[in-house]
Amino acid sequence: MDITQEVAAITEEDQRDPSIGATSNKPRKRRRPKPKIELSPDQPPTTQGKPRCRVYVACLQCRTRKIRCDGAKPVCHNCKRRACLDCEYDTLPKRRGPDKTPGARQRIARELRLGNPELPRRRRRTQQAEGNAMQDRQMSILESEPISPPQELSYQGSLTHGFLSLSHYKDKCSCHGINYCPMATYSSVVYQAVHPAMVQNLQDNADAFLDAGRGYPTNFHDEQDETEPTITLSIDNEPSLRFARKIWWDSLLCLYLSPNSKRLQSLTSNQREIAARSITSDLRFVFRASNYWFSFMHIPTFFGEFYDPVRREGIQPCLVLSLLAMATFWKSSEVEMAKQGRERALRLRDEAQAALEASINSRWIDETVVQAAWVLALFEVCAHPRHSSQRALSALTLLDSLVQSLSLTLLDVNDIETSSFSPQTVPSTPEKTNFELYQDLFFSTTGVNHFTRHASTGCGCKAMALATNWSQTDEHVPLWRSTPAWHATWTTGEIRKESCRRLCWSSLALAAGYVSYAVANWEEPPDLFITNPANYALLFSGMSLARSSALPPGKSSKDTVWALYDRSLLLWHGCARMRYDQTVPDADKAQFAIKAWLEADALEAALDKHTCNLERAFLYQAREYLFNTRMCISYEYQRWIPLVTANVNNMFHRNKAEEWLTHQATVGRRLMNGLHTVTGNCDNVLARRPFFLFWFMGQINRAMTLWEYDNSLLPALDVCKALVTAVDYLASLWPCPEQRKRYENLRQKVDNACHMAGVCPPPALNLKVVLPKSLDSVV
């Protein structure tokens, strides 16, 4: 008999059994129906205006007995039936979960009803007590179940999320080890005029930001009075990035090995080593190929943190990512990594932007975040495939807001040598400070200069240059040879402070290039915090070094090449802002024009006195901005210029214009033989300077403006033809749709001017790339 027949036989026997049939036919007992209690007619309707199905607030007695209440007042139905006159209600309903201790509510309600005055008071835990309890629980779990981390990571989360959530969670800030950084949350007010009390407050915050030795309470609740009500534990408003800070390095390794992947992968030791070497190589490349604008970074400090696995967690991931994006992009011209490299650079740029925004959202903001914002702003200024004016302005505005929020331009507001400027005035400085006058007096009376370490002649700038004071300059940063050195005796706090100063001046230079291009194209420049000289109370570049290094007697620290460069930038921005300021009356503009012209003459005379020949490394850009300043003043205030100097024709000084055009024509002819022929440094390669494209186009526009005002000024057309060749070369290496669209109109403008003047036009536009025999032969 098989299993089916056995089951059928058992079923038939069960049906014949009378006991089973009798049991199954018994009638079921019905439950006694509960009497339905209608709600009181005075119950309020629901929030949607409908009749209420459930009582709004039950009385304390019904709630204690857990029976249905009709909500009638002053006595509900149940209390009235029980002849209970103590029918009490709460004003509002209490939305609570189940009892932590079963029966606790009933006992408390019963004791309240009996009027017991000796009830124990319920105590709430403070935030600190909750945190300590949570930490104790975590420690007990770790001690009972020790976890050994695996050698290789195998996360299933998104790779982009690893960078989106990178930020602030060290329980203490990275500035000086406190929970709440005063600089990360400080005011973002645009300071048109600085009040003395505000200045003192800013300086206190700046000192706290940069002084690692100052002590602060680790928790604000420690200073509260015990009688004040405590704050209960709540969910943080900022996103927690504690986990992402642990994995950002592994995310970066995966991104370098698999650029198109969006998830973390498990890597072997060999793969990790290969990726780490590639990242290190790109970082070393970006510093070797970067120009003097990047000199705000202290290389020993950066690589000291980068190579240390423990300290690397404190590095801002957005800074490393932005540097890698720039390095990849500079190696992605049509003669090197081409389109594939540019796409990879844009991917790294997007990851850097995500990490930057995550740091800002979680309030992990320090000077390295501003450095990352600066690098990203420079990236957007370059001619890349997604370049647009909106993207460039957005990146520059973000950099401006970060500098403003940390008050970096007011870092030296209490220093006696700091120059400050009033709003809507020419940013000029006195010839010598009190410190320098005392130095000259001491030298003249004793004959010995105790303020200098080395005997030097001339202007003394070379003795303070980086190449003179750091033997590894050519190995790590060959293009920074002419920048100010970092003094060997500076502490970590002094190095960070000097880095912030140089970062502000580099930001001013980056904004100056953007404003110069906008003005050359007859566009109104943006109103930025860093372009207003009234917002600066900062030592010029090289001034802090001059206090402890080689500055010859009789020389002012505000007349070094670097300080004169900063002063020229301030003067240019001051004139550009005044030109578009509609609130200033004509009489004040006349006074401003005269003083600005005289200040430009003074700065040019100071540059002529230098014998160090360091201007060549900076492409003589200080003189460029001085000419732009005169041109801006001449156009806006041409009726007042004859009061300043002679030989002024309509909108420019004829002699100054001819000098500028001669210099530009020489530079344009030399560029095609290599940028090193201009700067004197063989490592300076034009092919890796995509940000020069818009600068050259602005110079062509400026030369065309001079020719349009005076058609006899034929050297202006020579400048256009010389720079057009350089723009053609860079445009063929760096495809950029918006740049080419603008450049086509500019080329047509130059061709028409040459035909009108009877001059041979430049060669036809040729964007065909000629591959070099080797990368060493790239111009």
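Computation of the quantities below employed the complete heavy-atom set of this structure, encompassing side-chain atoms and omitting hydrogens, waters and symmetry-equivalent molecules.
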[X] and [Y] ion-paired at < 4.0 Å:
| X | Y | value |
| --- | --- | --- |
| Arg312 | Glu305 | no |
| Lys741 | Glu738 | no |
| Glu744 | Arg740 | no |
| Asp250 | Arg272 | yes |
| Glu336 | Lys331 | no |

Assess, by modelled atom type and distance only, whether the side chains of [X] and [Y] contain a donor and an acceptor separated by less than 3.5 Å.
| X | Y | value |
| --- | --- | --- |
| Gln699 | Glu624 | yes |
| Arg349 | Thr328 | no |
| Ser359 | Gln316 | yes |
| Gln371 | Ser499 | yes |
| Ser389 | Arg742 | yes |
| Asp566 | Ser541 | yes |
| Thr268 | Asn270 | no |
| Asn701 | Tyr517 | no |

Is any side-chain heavy atom of [Y] closer than 4.5 Å to one of [X]?
| X | Y | result |
| --- | --- | --- |
| Pro478 | Arg288 | yes |
| Gln271 | Tyr256 | no |
| Leu253 | Leu257 | no |
| Arg347 | Pro259 | no |
| Phe303 | His298 | no |
| Asp751 | Pro762 | yes |
| Trp293 | Trp374 | yes |
| Phe296 | Glu367 | no |

* I would like to know whether Trp572 and Ser516 meet side chain to side chain donor-acceptor pair (under 3.5 Å); could you show each step before the answer? => CA-CA 9 Å; Trp572 158 244; Ser516 176; 5.3 Å; no
* Trace of the side chain to side chain contact (heavy atoms under 4.5 Å, CB included) decision for Ile279 with Leu324 -> CA-CA 7 Å; Ile279 292 170; Leu324 293 175; 4.0 Å; yes
Examine [X] together with [Y] and report whether their ring centres are nearer than 6.0 Å.
| X | Y | answer |
| --- | --- | --- |
| Phe287 | Phe302 | yes |
| Phe306 | Trp249 | yes |
| His573 | Tyr625 | no |
| Trp505 | Tyr536 | yes |

Rounded to the nearest 0.5 Å, what separates atom [atom1] in [X] from atom [atom2] in [Y]?
| X | Y | atom1 | atom2 | answer |
| --- | --- | --- | --- | --- |
| Phe529 | Asp400 | CZ | CG | 7.5 Å |
| Leu376 | Leu398 | CG | CG | 8.0 Å |
| Leu411 | Cys500 | CG | SG | 6.0 Å |
| Glu380 | Leu396 | CD | CG | 11.0 Å |
| Leu767 | Tyr729 | CG | OH | 13.5 Å |

* Asked: Which is it for Arg284 and Glu475 under the side chain to side chain contact (heavy atoms under 4.5 Å, CB included) test, yes or no, and what are the steps along the way?
  -> CA-CA 10 Å; Arg284 290 174 61 87; Glu475 178 184 356; 4.0 Å; yes
* **From Phe294, Trp734, Phe379, residue fulfilling ring pair (Phe, Tyr, Trp, His ring centres under 6.0 Å) relative to Trp330** =>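 Exactly one pass, corresponding to Phe294.
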* Asked: Are Arg245 and Glu313 close enough, and set up right, to give a salt bridge (Lys or Arg N to Asp or Glu O under 4.0 Å), and what steps lead you there?
  -> CA-CA 6 Å; Arg245 288 192 56 171; Glu313 291 186 4; over 6 Å; no
What residues, two or more places apart in sequence or in another chain, satisfy salt bridge (charged side-chain N to carboxylate O under 4.0 Å, His left out) together with [X]?
| X | value |
| --- | --- |
| Arg344 | none |
| Lys749 | Glu708 |
| Asp350 | Arg386 |

* Asked: Would you say Arg277 has more than 12 foreign heavy atoms packed within less than 6.0 Å of its CZ?
  ->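 It does not: Arg277 CZ has 12 such atoms or fewer within range.
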* Would you say Gln340 has more than 12 foreign heavy atoms packed within less than 6.0 Å of its CD? ->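 No, because the 6.0 Å sphere around CD of Gln340 holds 12 heavy atoms or fewer from other groups.
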* Working for salt bridge (Lys or Arg N to Asp or Glu O under 4.0 Å), residues Lys339 and Glu334 -> CA-CA 7 Å; Lys339 182 179 180 180; Glu334 288 294 312; over 6 Å; no
* To do: Decide side chain to side chain contact (heavy atoms under 4.5 Å, CB included) for Leu503 and Val370; before the verdict, give the C-alpha distance in whole Å, the side-chain angles of both, and the deciding distance to 0.1 Å.
  => CA-CA 8 Å; Leu503 178 59; Val370 189; 3.6 Å; yes
* To do: Give the ring-plane orientation class for Trp486 versus Trp490, where under 30° counts as parallel, over 60° as perpendicular and anything between as tilted.
  =>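 If you compare the ring of Trp486 with that of Trp490, the planes turn out perpendicular.
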* Asp728 and Arg747: salt bridge (Lys or Arg N to Asp or Glu O under 4.0 Å), yes or no, with the steps? -> CA-CA 10 Å; Asp728 289 349; Arg747 283 277 308 214; 2.7 Å; yes
* Would you mind telling me which of Val724, Asn521, Ile700 makes a side-chain contact (heavy atoms from CB on, under 4.5 Å) with Leu746? =>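 With Leu746 as partner, Val724, Asn521, Ile700 yield a single side-chain contact (heavy atoms from CB on, under 4.5 Å), made by Ile700.
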* To do: Could you please spell out the steps behind the side chain to side chain contact (heavy atoms under 4.5 Å, CB included) verdict for Leu348 and Phe329?
  => CA-CA 10 Å; Leu348 287 169; Phe329 181 62; over 6 Å; no
